[in-house]
Amino acid sequence: MRIRLSFERQEGSGLCIMVDLLRASATITAALDQFREVIPVADIEEAVKYSRKGYPVAGERGGETVPGFIANSPIEVKNYSGDALVLTTSNGTRILESVKSHALVGCLNNLDAVAEAARELSDEVEVVMAGVNGRFAIEDFLCAGEIIAAIDGEMDEYAEASVLAVQDRSLVDDAIRRSRSAERLEGLGFRDDIEYCIRRNITGNVPVYRDGTVKLMEEIRRLH
Ligand SMILES: O=C(O)[C@H](CS(=O)(=O)O)OP(=O)(O)O
Ligand SMILES: [Mg+2]
């Protein structure tokens with residue numbers, strides 16, 4: 001298994017895992033307990049169009065919930081259910097929309113499940129850290145490191161660095177809690193989301209982005 005780590009953009013064209021720990025990856029992973037699919041859209045205007053058609057819509061900019069939308073929050077989405085949830089976020093949904101073919105969505109909540117799915121689907125995987133508006137985000141790097149360690153394969157140097165960075169889980173948790181993203185979210189009243197996002201392996205959900213929509217891997221298998 002060959003594993004490479006990239007920032008913000010998929011470099012290759014095969015299977016990738018999009019990692020946006022705070023919070024798009026966790027929100028999508030949780031939402032698929034409540035919705036059959038999540039439709040990621042890059043801009044608020046597009047989300048509003050869906051909203052006018054009656055779709056439930058979630059999203060934020062800079063962490064602040066768009067007025068009238070559901071928060072980009074793995075905790076808050078659990079209060080809603082339906083066929084499809086439309087989601088627009090500052091980073092994660094934008095990165096998904098730029099993916100060339102298909103992507104798994106990875107976070108700490110589904111760490112082992114997403115690693116196992118990657119091993120099953122391909123002998124080569126690219127982990128893509130979302131970052132924050134073009135800037136490196138430590139929470140995505142550390143989450144990527146845990147996922148890459150769980151996949152266990154031949155790594156490029158960037159991937160290896162991320163694995164070396166996650167040898168001590170309590171240091172990882174501290175760094176995530178002290179991250180710029182966590183500080184911003186805490187200031188906006190989303191402290192519980194940070195604690196939720198840090199939890200490992202609380203779900204077997206493996207979201208798969210393909211053809212503009214995200215569904216559970218088992219749902220895609222059922223349909224094909
Ligand atoms: O809503 C979030 O947690 C972040 C906000 S920010 O861009 O880090 O300010 O968006 P996400 O797309 O989930 O990184
Ligand atoms: Mg983020």
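Ligands are counted one by one from 1 in listed order, and the atoms in each one are counted from 1 as well.
The backbone N or O of R36 lies less than 3.5 Å from no partner atom in the side chain of E219, so there is not a single donor-acceptor pair. For the pair E60 (side chain) and G62 (backbone), a donor-acceptor distance under 3.5 Å is present. No side-chain donor-acceptor contact under 3.5 Å links N110 to the backbone of T203.
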task = Determine, step by step, whether V132 and R184 satisfy the side chain to side chain contact (heavy atoms under 4.5 Å, CB included) criterion, reporting the C-alpha distance in whole Å, the side-chain angles of both residues, the deciding distance to 0.1 Å, and the verdict.
result = CA-CA 12 Å; V132 176; R184 185 172 46 254; 3.7 Å; yes
request  = Mind running side chain to side chain contact (heavy atoms under 4.5 Å, CB included) on Y158 and F141 for me, showing each step along the way?
outcome  = CA-CA 10 Å; Y158 205 173; F141 180 66; 4.1 Å; yes
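Distances between N or O atoms of V132 and those of ligand 1 include no value under 3.5 Å. Between A24 and ligand 1, a contact under 3.5 Å exists for at least one N or O pair. Polar contact with ligand 1: absent for N133 (N/O pair, distance under 3.5 Å). The shortest N/O to N/O separation between T93 and ligand 1 does not fall below 3.5 Å. Considering backbone and side-chain atoms together, G131 places no N or O closer than 3.5 Å to any N or O of ligand 1.
When each atom of ligand 1 is checked for a heavy atom of G63 under 4.0 Å away, the hits are 1 (O), 5 (C), 9 (O). Counting atoms of ligand 1 from 1 in the listed order, those under 4.0 Å from a heavy atom of G92 are 12 (O). Near L185, the atoms of ligand 1 lying under 4.0 angstrom from a non-hydrogen atom of the residue are 3 (O).
Between F7 and F136, the ring planes lie tilted relative to each other; the angle falls in the 30° to 60° range.
Each of M1, E154, R4, R2 was scored for a side-chain contact (heavy atoms from CB on, under 4.5 Å) with E124, with one residue passing: R2.
Between S6 and E11, the side chains place no donor N or O within less than 3.5 Å of an acceptor N or O (distance only, hydrogens not considered). Using modelled atom types and a 3.5 Å distance limit, the side chains of R61 and T88 yield a donor-acceptor pair.
Under 4.0 Å from ligand 1, not a single heavy atom of T27 appears. Heavy atoms from both the backbone and the side chain of N91 come within less than 4.0 Å of ligand 1. Contacts of R184 with ligand 1, taken as heavy-atom pairs under 4.0 Å, involve the side chain alone. The part of E60 lying near ligand 1 is the side chain, judged by heavy-atom distances below 4.0 Å.
Take the Mg ion (ligand 2) as the corner point: the lines to O of L22 and to OD1 of D20 open at 90°, to the nearest 10 degrees.
Ion pair R180/E139 not flagged as a salt bridge, since none of the NZ, NE, NH1 or NH2 atoms sits closer than 4.0 Å to an Asp/Glu carboxylate oxygen.
In terms of protein heavy-atom proximity, atom 11 (P) of ligand 1 is nearest to D20 OD2, 3.2 Å. The protein atom (non-hydrogen) at minimum distance from atom 3 (O) of ligand 1 is R23 NE, 2.8 Å.
Not a single heavy atom of A130 sits less than 4.0 Å from an atom of ligand 1.
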